[in-house]
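Inspection log for the structure reproduced underneath, given as structure tokens.
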Amino acid sequence: MHEVSIANHIYKIVLNELEKQEKFPKLQKIKLKIGKLSAVVPDALDFAWNAIVKGTNLENSILEIEEIPVILKCHDCKSEFNIEYPVFLCENCGSNNTELMSGDELDIVSLIIDE
Amino acid sequence: MAEIKIVKKVLAANDAIADMNKKYFDEKKILTINIMSSPGSGKTMLLEKTIIKLKDKYKIGVIEGDVSTTNDAERLQKLGVEVIQINTDAFGGDCHLEAEWIKDAYEQLNDTDLDILFVENVGNLVCPAEFKTGTDFNVVVLSTTEGEDKPVKYPLMFRVSQIMIINKIDLLPHLDIDKNKMEDNAKRINSEIQIFSLSAKTEEGLDQFIDWLIKQIKK
């Protein structure tokens, strides 16, 4: 549901970035990294993006979303592992002394433009 | 084709304002509490009962977030505390509050010299978890009728919250829910989350939460 807000935040950042260019370029693609722990649904974000850019000079640009797995590190047994299910305990020793290494990203990585 | 590297958090602007809010409220020594939950979990009644217990000794303000209507704000205003309503339908019906709106709403208060500022976020277990507000504590309210697996279904909400309140414990005799399992599920998502079990309606267990709140007051 909040994908419209997220898309708006992306729009502001991208517009600001493109306005820094000498000549406003034609935007092809935005590369994003979205962690699986973040509450963003890629399809909904895609839908929101298309709605927001319609009629603007970012129209027809697309989002390329790389989903980032949730990786935990255990500070007790030092193992690092990928979790599919939201249990933040060490799958090796059961410790709760774990740290999230990745999976909460909501980042813009780069913009692909026509030269 | 060319690639412009940016590497920027999408919500960097919101995070920056949240950090400013936190710094500002720290300087003013205002305890700030962001209350989040699904709709109907009893956030507003919990706030009503909490305010009644604290308002004679402490100066309290409330920022009330709803998609539309001022019903909740009116309930709280009756208690004699100042309430600023944010209706997000003006912002496109958003399901959460953003840090900037918190700042703007706070600035609308006639009396900003508070002991406690409560933020009642929009009822939703997904979206508010993604947007920092700059409050001292995120409190997630989960009522017993919602089932024990909500933490597993909405892990981000339970990761970003420091406090979990299990509300409506007066209904437990009528439900099949296993409250211990609900607590376990939350602890498996966030081992440091502190849990209070209470009934805002009967006030059973409410005093433990009130005592905890009073200990956090900065003045």
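Basis for what follows: all heavy atoms, side chains included, without hydrogens, waters or symmetry-related copies.
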Side chain, backbone, both or neither: which part of A:Ile13 has an atom under 4.5 Å from a heavy atom of chain B? side chain
Check the pair A:His2, B:Glu98 against side chain to side chain donor-acceptor pair (under 3.5 Å), reporting the backbone distance first and the verdict last. CA-CA 11 Å; A:His2 60 316; B:Glu98 299 199 8; over 6 Å; no
CG on A:Asn8 to CG on B:Asp94, rounded to 0.5 Å: 8.0 Å
In terms of heavy-atom proximity below 4.5 Å to chain B, should A:Val14 be classed as side chain, backbone, both, or neither? neither
Atom NZ of A:Lys73 with >12 non-hydrogen neighbours under 6.0 angstrom: no
Checking B:Ala129 against chain A: side chain, backbone, both or neither under 4.5 Å from a heavy atom? neither
Under a 4.5 Å heavy-atom cut-off, does chain B meet the side chain of A:Lys31, its backbone, both or neither? side chain
Counting only heavy atoms not in B:Lys201 (residues, nucleotides, ligands), do more than 12 fall under 6.0 Å from its NZ? no
For a quick test of reading the model, state the closest non-hydrogen atom pair linking A:Pro86 to B:Ile189 and the distance between them. O-CD1, 2.7 Å
Quick one: what part of A:Ile34 sits under 4.5 Å from any heavy atom of chain B, side chain, backbone, both or neither? neither
Can A:Glu17 and B:Lys8 be said to form a salt bridge (charged side-chain N to carboxylate O under 4.0 Å, His left out), step by step? CA-CA 11 Å; A:Glu17 207 59 45; B:Lys8 191 165 183 179; 5.9 Å; no
Check this for me: B:Asp176, atom CG, are more than 12 non-hydrogen atoms of other residues, nucleotides or ligands nearer than 6.0 Å? no
What distance separates B:Lys9 NZ from A:Glu105 CD, expressed to the nearest 0.5 Å? 7.5 Å
Report yes if the side chains of A:Ile6 and B:Val10 come closer than 4.5 Å at any heavy-atom pair, otherwise no. yes
So which of B:Arg159, B:Glu192, B:Lys5 has the largest heavy-atom pair count under 4.5 angstrom toward chain A? B:Arg159
Would you sort out whether A:His9 and B:Phe131 count as a side chain to side chain contact (heavy atoms under 4.5 Å, CB included), showing the intermediate values? CA-CA 12 Å; A:His9 281 271; B:Phe131 292 85; 4.0 Å; yes
Is there a side chain to side chain contact (heavy atoms under 4.5 Å, CB included) between A:Ile108 and B:Val7 once you walk through the steps? CA-CA 5 Å; A:Ile108 300 181; B:Val7 193; over 6 Å; no
Kindly say whether A:Ala39 contributes a backbone atom to a donor-acceptor pair with the side chain of B:Glu130 at under 3.5 angstrom? yes
Give, for atom CZ of B:Arg188 and atom OH of A:Tyr85, the distance between the pair rounded to the nearest 0.5 Å. 7.0 Å
Got a second to check how far A:Asp104's CG is from B:Leu156's CG, nearest 0.5 Å? 8.0 Å
Measure the spacing between CD of A:Gln28 and CE of B:Met1 and express it to the nearest 0.5 Å. 5.0 Å
Spacing of B:Ile4 atom CD1 and A:Ile112 atom CD1 [to the nearest 0.5 Å]: 9.0 Å
Would you indicate whether A:Phe47, at its atom CZ, is surrounded by more than 12 heavy atoms from other residues, nucleotides or ligands within a distance under 6.0 Å? no
B:Lys181 atom NZ: more than 12 heavy-atom contacts under 6.0 Å: no
